[in-house]
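Throughout, a chain's letter reflects where its sequence line sits, starting with A, and its residues are numbered from 1. No hydrogens, no waters, no symmetry mates; every other heavy atom, side chains included, goes into these values.
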Amino acid sequence: MELATLYNPHGVEERWQQTWEAEGLYRADDADETRPTYVIAVPPPNVTGALHMGHALNGTIQDALIRWHRMRGFNTLWQPGYDHAAISTEMMVERQLRTEGTSRFDLGREQFLERVWEWLHQYGGIIMGQFRRLGCSLDYDRERFTMDDGYVRAVYRFFVDLYERGYMYRDNRIVNWCTDCASTVSDLEVEHIDVDDTLTYARYPLVDGDGSVTIATVRPATILADVAVAVHPEDDRYKHLIGKHVRVPVVDRVVPIIGDEAVETDFGTGALKITPGHDPVDFEIGRKHGLEELTVIGLDGRMTGDIPDEYKGLTEDEAADKVVQWLKDNDRLEKREHYRHAVGHCDRSGTRIQPLVLLQWWCEMGDLARPALEAIESGRVRFHPPVHGRVAADWLRAIRPWNVSRQQWWGHQLPVWYCADGHVTVSETEPAACAECGAGELTRDPDVLDTWFSSALWPFATLGWPDDTRALRRFYPGDVDSTARDIIFLWVNRMIMAGLFELGDIPFHDVIIHSTILAPDGQRMSKSKGTGIDPLELIDQHGADSTRYGLLKMSSTQDVRFSSQQIEEGRRLANKLWNASRLLLMAGPETPDAQPSSEEERWILARIDATRQVVEDDLAKYDFSHAVDRLYHLTFDDFCDWYLEAIKPRLGDAQTRATAFAALERLLKLLHPVLPHVTEEIWTHLPGRESRLIVAPWPEPLPQETSGEIERAQTAARIYRRSGVRIALAGDAERIFTAVVRPSANGGGDVGKERDRLRKEIERGERMLANEKFVANAAPDVVDAEREKLEQYRAELDALG
RNA sequence: GGGCGCGUAGCUCAGCGGGAGAGCACUCGCUUCACACGCGAGGGGUCGCUGGUUCGAUCCCAGCCGCGCCCACCA
């Protein structure tokens, strides 16, 4: 057998990736009515994206689960595909257009969309190839894209269903406007960042009588849009003023003083200027009190509307300076002070959010959230770790209307048409006439939907919904969703809501929230900061198996720092396995159906079976790092260091080899979900294995009767190695045990150290058992255990003489 | 402002009520015919700090000190 002494994954891995896929072994079978199904839909990466550490970890987790279930006989579907990533894709193409000196507005909508498709054909869709290189056994034949014709139909159906149930509506409300994206963004896409600001205190004189009310604001430019001043109704300083009026600086508008409990008495002056057009709190107060919603800042962030001419066209900052100057000049400025507070920024562009009142489409979420909340609270959907389920539930409880329309072109255009009279027609297909007045001239709403609106349908739109397909019937509901923490609200919760709304069932019963792998310095990996580590480079360097092992080893319920040590550990494991296999393969062929006859053989089978059990338990709990740790120690400590060393001299015996191959076979199966390539490669070298390991049956339980002899031999060997006596592990364990426990000719060396250790242990045990309070209060089994240990140590010390 | 999490060996992390663990790194000994990406042995820790509960605390409770994350309409 010509096998390199050093396992080289390169070439081997690519070959198996191609073979498995070509042989159709990744495929799910929707015609199969017999096997139970196991379904995971991959979180669809951005079509423009490249594999990063999060994808790699998540892909490995899902692949380990998929491979494990495939071996256990499940009809597994791991659904691949892409998300169109509306805003980020559009921004990328616009950036390219800018380098050409043009813009999407120059091109017009149709031409621009053509450019996006061209761009995607050229640069998009590379990540599935990268998943293949990781060894991910997705059913690539079923790749879906959220812009596929069928998927688009699903999106329209969802919209129409929501509209017909009264959840989707159009309204003028305050939105998060991003001047950089030139679009609204949802609340979830707003990041609150602390900024250094200035709080300006301005006096608003009372219309009748003397005096004034002082308000505090961080945005003096919005004074031009003030329509009221609000105070707390119980505030003794101000409550007598409610109903009176003040004059707004600069514009000299007369506005009322109103009472509202939303006003905090202990912040600023306790009096709040009300600008419903430019502040979310003020908007709510304004709606409650029927106030006008004036706009003085436009979509471009510049001053506009019914304002003095000298303000028109200024930026907000310029206008603010001008207002402050006016306040100074007119003795209305009380003071200005430094103020640090959190301000909403667009999480994509980093631009400060401009709250504006705009006519937008909204989705009322309360009725959708309720069943999803019930599913989480009842445990039908379980989060791992559970804390994320509690957070997800909290969000659902406090859910707010969702602004779903975006002022962009790339994405799913709203299935909404308007007639000349402004009547609304919502339809899955282009309507011939206005649903309300029958007018034939209709204009389609130019906006597109929030990307996450379509993502919410991923678990069933990928299966053909809204059509009643065989795949949908077979594979919905699915089983597991595995994803990063940051899209629990954006995506996970919405999939649960959408699944329950459209299909009446949860899309998955377990949600794995994997850890975030941080850069080695503890910071988040960031492309722009150059702190990202490219998983493809790791694969090139160490192979996919090693990378998978390392990522699983690193994974945890909490964030972890990346360390290449774990990947190298995986490489050593693959190499160790390779060489252990070489040892057996070089020894000669096996004899089938051999029964274990020696204690070592029964022992290793018992060890493998015990590890099978705990690994299954770990995987069922999605505890991957402990699972791979156990497999590592099974391979190194049990299989190689003890078992193979013990049987080495007897490898000439076909019976011995047969058991060894049987043990190796089981070991390879246990390792396959983590290290698919090296295990499959070794598998083909095993005599008589015609089928592929990827579809080989997962090992059944295999109970063994063992005597404890090996464990005693291990203890004895350790003692004697420590004492400086070199002993051979070859030969049967009982003889080793006898030899080392009653040292004779083999003996010698210094066992004093071991005696000291045992004496200390005995002393400790005696001390504990002499403590009456311990014996009286501790659990009886704990006390018994101490007694047994004490006996054990005494016996061992005795044996050492 | 509300919530969550973390501080354990030089590094990355397990353990979470009864003897401090793993891998790497380090020291020593082994070119032993599967593997030097190996084998064997070893050094290294007041388990952030201070109190409390307990026969017993790295583990539970409280406070403090550091670090991180999420949510959030105090202008």
Side-chain angles (χ1 to χ4, degrees), chain A residues 3-7 174 187-188 190 192 197 199-200 215-219 222 230 262-275 279-285 339 341-342 344 355 385 387-388 390-391 394-395 398 400 485-486 488-489 516 518 520 522-524 542 546 553-554 556-566 568-587 625-626 629 632-633 636 640-641 644-645 648 651 717-718 721-724 726-728 760-761 764-765 768 771-779 782-783 785-786 789:
Chain A
L3 296 172
T5 59
L6 211 116
Y7 173 65
I174 198 141
D187 293 342
L188 287 174
V190 174
H192 292 88
D197 240 329
L199 201 50
T200 300
I215 59 86
T217 181
V218 290
R219 301 182 62 193
T222 64
V263 180
E264 299 287 334
T265 54
D266 53 2
F267 184 85
T269 62
L272 175 64
K273 78 184 198 66
I274 300 297
T275 319
D279 184 278
V281 184
D282 297 7
F283 177 82
E284 294 300 332
I285 294 174
Y339 180 52
H341 66 144
V387 61
H388 294 115
R390 294 194 288 275
V391 176
D394 287 345
W395 184 80
R400 288 183 290 173
R485 210 172 33 218
D486 51 356
I488 293 175
F489 307 149
T516 303
L518 305 170
Q523 303 283 103
R524 282 185 86 88
H542 306 282
S546 308
K553 186 71 191 287
M554 271 177 246
S556 164
T557 56
Q558 60 172 11
D559 293 352
V560 287
R561 296 175 185 216
F562 178 84
S563 64
S564 56
Q565 292 167 0
Q566 323 272 25
E568 280 153 19
E569 189 177 312
R571 201 177 55 182
R572 283 196 307 279
L573 176 58
N575 189 243
K576 189 72 174 174
L577 190 66
W578 176 254
N579 279 292
S581 306
R582 279 180 62 233
L583 173 68
L584 296 181
L585 289 165
M586 288 186 301
S625 63
H626 284 101
D629 188 61
Y632 178 91
H633 286 290
F636 267 81
C640 293
D641 292 353
L644 287 186
E645 291 301 330
K648 215 184 240 180
L651 277 177
R718 262 182 231 116
R721 281 173 186 157
R722 233 178 256 151
S723 315
R726 303 208 67 77
I727 58 158
K760 270 186 197 156
E761 295 291 2
R764 177 188 158 277
M768 277 185 85
N771 181 349
E772 284 169 30
K773 285 180 173 175
F774 169 70
V775 178
N777 294 321
V782 172
V783 179
E786 281 303 325
K789 278 192 286 184

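- Between the CZ atom of A/Arg485 and the C1' atom of B/rC6 there is a distance of 12 Å, given to the nearest Å.
- Listed nucleotides B/rG15, B/rG18, B/rC35 differ in distance to A/Arg764; the shortest reach to its side chain belongs to B/rG18.
- Between the CG atom of A/Asn777 and the C1' atom of B/rG18 there is a distance of 13 Å, given to the nearest Å.
- Within the 4.0 Å cut-off from OP1 or OP2 of B/rA34, at least one side-chain nitrogen or oxygen of A/Lys648 is found.
- Between A/Val190 and A/Gly344, the shortest heavy-atom distance links the atoms CG1-CA, 3.6 Å.
- Between A/Phe636 and A/Leu573, the closest heavy-atom pair is CE1-CA, 3.8 Å.
- Residue A/Leu518 comes nearest to A/Arg524 through the heavy atom pair CD2-CA, 4.0 Å, listed as atom of the first residue, atom of the second, then distance.
- With a 4.5 Å cut-off on side-chain heavy atoms, A/Ile174 and A/Asp282 do not count as touching.
- Between A/Tyr7 and A/Trp578, the ring planes lie tilted relative to each other; the angle falls in the 30° to 60° range.
- Contacts of A/Lys553 with the nucleic acid, taken as non-hydrogen atoms under 4.0 Å apart, are absent.
- Here A/Arg524 does not reach the OP1 or OP2 of B/rG68: none of its side-chain N or O atoms lies under 4.0 Å away.
- For A/His626, whose side chain is taken as the heavy atoms from C-beta onward, the closest listed nucleotide among B/rA14, B/rG23, B/rA34 is B/rA14.
- When each of B/rC73, B/rC39, B/rC35 is scored by its nearest atom to the side-chain atoms of A/Asp641, the top-ranked nucleotide is B/rC39.
- One interatomic measurement links the two molecules: CD of A/Glu568 to C1' of B/rU12, which rounds to 12 Å at whole-angstrom precision.
- Close to B/rC24, at under 4.0 Å from its OP1 or OP2, lies a side-chain N or O of A/Arg572.
- B/rG43 and B/rU53: their C1' atoms are spaced 37 Å apart (whole Å).
- Heavy atoms of A/Ser556 sit under 4.0 angstrom from primed sugar atoms or phosphate atoms, though from no base atom.
- With a 4.5 Å cut-off on side-chain heavy atoms, A/Asn579 and A/Arg582 count as touching.
- Contact annotation for A/Phe489: backbone-only contact, meaning every heavy-atom pair under 4.0 Å involves sugar-phosphate atoms and none involves a base.
- In the set B/rC55, B/rG23, B/rU12, B/rG23 carries the atom at the smallest distance from any side-chain atom of A/His633.
- The nearest whole Å value for the distance from the CG atom in A/Asp629 to the P atom in B/rG23 is 8 Å.
- Which of B/rA75, B/rG18, B/rA72 sits closest to the side chain of A/Arg400 comes down to B/rA72.
- With distances taken from any side-chain atom of A/Lys773 to the nucleotides B/rA14, B/rC55, B/rA34, the minimum falls on B/rC55.
- Proximity of A/Asn579 to the phosphate of B/rA34: no side-chain N or O atom is located under 4.0 Å from OP1 or OP2.
- Positionally, the nearest nucleotide of RNA chain B for A/Asp559 lies more toward the 5' end than for the other of A/Asp559 and A/Phe636.
- The two residues A/Pro385 and A/Thr557 have their closest heavy-atom pair at CG-CB, 4.0 Å.
- Here the separation of B/rA57 from B/rG23, taken at their C1' atoms, is 28 Å to the nearest Å.
- The nucleotide B/rG18 finds its pairing partner in B/rC55, both defining distances of the Watson-Crick or G-U wobble pair being shorter than 3.5 Å.
- Taking only side-chain nitrogens and oxygens, A/His341 comes nearer than 4.0 Å to OP1 or OP2 of B/rA75.
- A donor-acceptor contact under 3.5 Å links the side chain of A/Glu645 to the base of B/rA34.
- Checked against B/rA22, B/rC55, B/rA34, the side chain of A/Cys640 finds its nearest nucleotide in B/rA34.
- Residue A/Ala262 is classed as having no contact, given no heavy-atom separation below 4.0 Å to the nucleic acid.
- The same atom, P, is picked in B/rC6 and in B/rG42; the two are 34 Å apart, to the nearest Å.
- Of the candidate nucleotides B/rA75, B/rA34, B/rA14, B/rA34 has the atom lying nearest to any side-chain atom of A/Met586.
- Taking atom C1' on both nucleotides, B/rA72 is separated from B/rA62 by 28 Å, rounded to a whole Å.
- When heavy atoms are screened at a 4.0 angstrom cut-off, A/Val775 is found touching no nucleic acid atom at all.
- In terms of position on RNA chain B, the residue among A/Arg390 and A/Met768 whose nearest nucleotide sits closer to the 5' end is A/Arg390.
- Per the geometry, CG belonging to A/Leu573 stands 12 Å off C1' belonging to B/rG23, to the nearest Å.
- Spacing between atom NZ of A/Lys760 and atom P of B/rA20 amounts to 13 Å, rounded to whole angstrom units.
- A/Arg571 comes within 4.0 angstrom of a base, heavy atoms only.
- Pairing for B/rC11 is with B/rG23, a Watson-Crick or G-U wobble pair whose two hydrogen-bonding atom distances lie under 3.5 Å.
- Using a 4.0 Å heavy-atom criterion, one finds that A/Val387 contacts the sugar-phosphate atoms exclusively.
- Shown here, B/rG44 forms no base pair; nothing in the strands shown gives a Watson-Crick or G-U wobble contact with both key distances under 3.5 Å.
- The existence of a salt bridge linking A/Asp559 and A/Arg485 is confirmed by a sub-4.0 Å separation between a basic side-chain nitrogen and an acidic carboxylate oxygen.
- Contact check, A/Gln558 against B/rA14: a side-chain N or O comes under 4.0 Å of OP1 or OP2.
- Nucleotides B/rG40 and B/rA25 are separated by 15 Å at their P atoms, to the nearest Å.
- Between A/Glu786 and A/Lys789 there is a salt bridge, with a side-chain nitrogen of the basic residue lying less than 4.0 Å from a carboxylate oxygen of the acidic one.
- Nucleotides B/rC47 and B/rC16, compared at atom C1', are 11 Å apart to the nearest Å.
- Comparing B/rA14 with B/rG5, their P atoms are spaced 15 Å from each other, to the whole Å.
- Using atom P as the reference point in both B/rC74 and B/rU54, the two lie 44 Å apart (nearest Å).
- With a cut-off of 3.5 Å on both pairing distances, B/rA36 has no Watson-Crick or G-U wobble partner at all.
- Between A/Phe562 atom CZ and B/rC11 atom P the separation is 18 Å, expressed in whole Å.
- Listed candidates were B/rA34, B/rG18, B/rC73. Nearest to the side chain of A/Ala580 is B/rA34.
- The side chain of A/Thr5 sits closest to B/rC35 out of B/rC35, B/rG18, B/rC13.
- For B/rA75, the OP1/OP2 oxygens have a side-chain nitrogen or oxygen of A/Tyr339 closer than 4.0 Å.
- Of the nucleotides present, B/rC71 is the one that pairs with B/rG1 by Watson-Crick or G-U wobble criteria, both distances under 3.5 Å.
- Put simply, the side chain of A/Gln566 and the base of B/rG23 share no donor and acceptor less than 3.5 Å apart.
- Between A/Lys576 and B/rG23 there is no side-chain N or O to OP1 or OP2 distance below 4.0 Å.
- Between the CZ atom of A/Arg582 and the C1' atom of B/rC33 there is a distance of 11 Å, given to the nearest Å.
- B/rC6: Watson-Crick or G-U partner is B/rG66, with both key distances under 3.5 Å.
- A 4.5 Å side-chain heavy-atom check between A/Phe267 and A/Leu199 finds at least one atom pair inside the cut-off.
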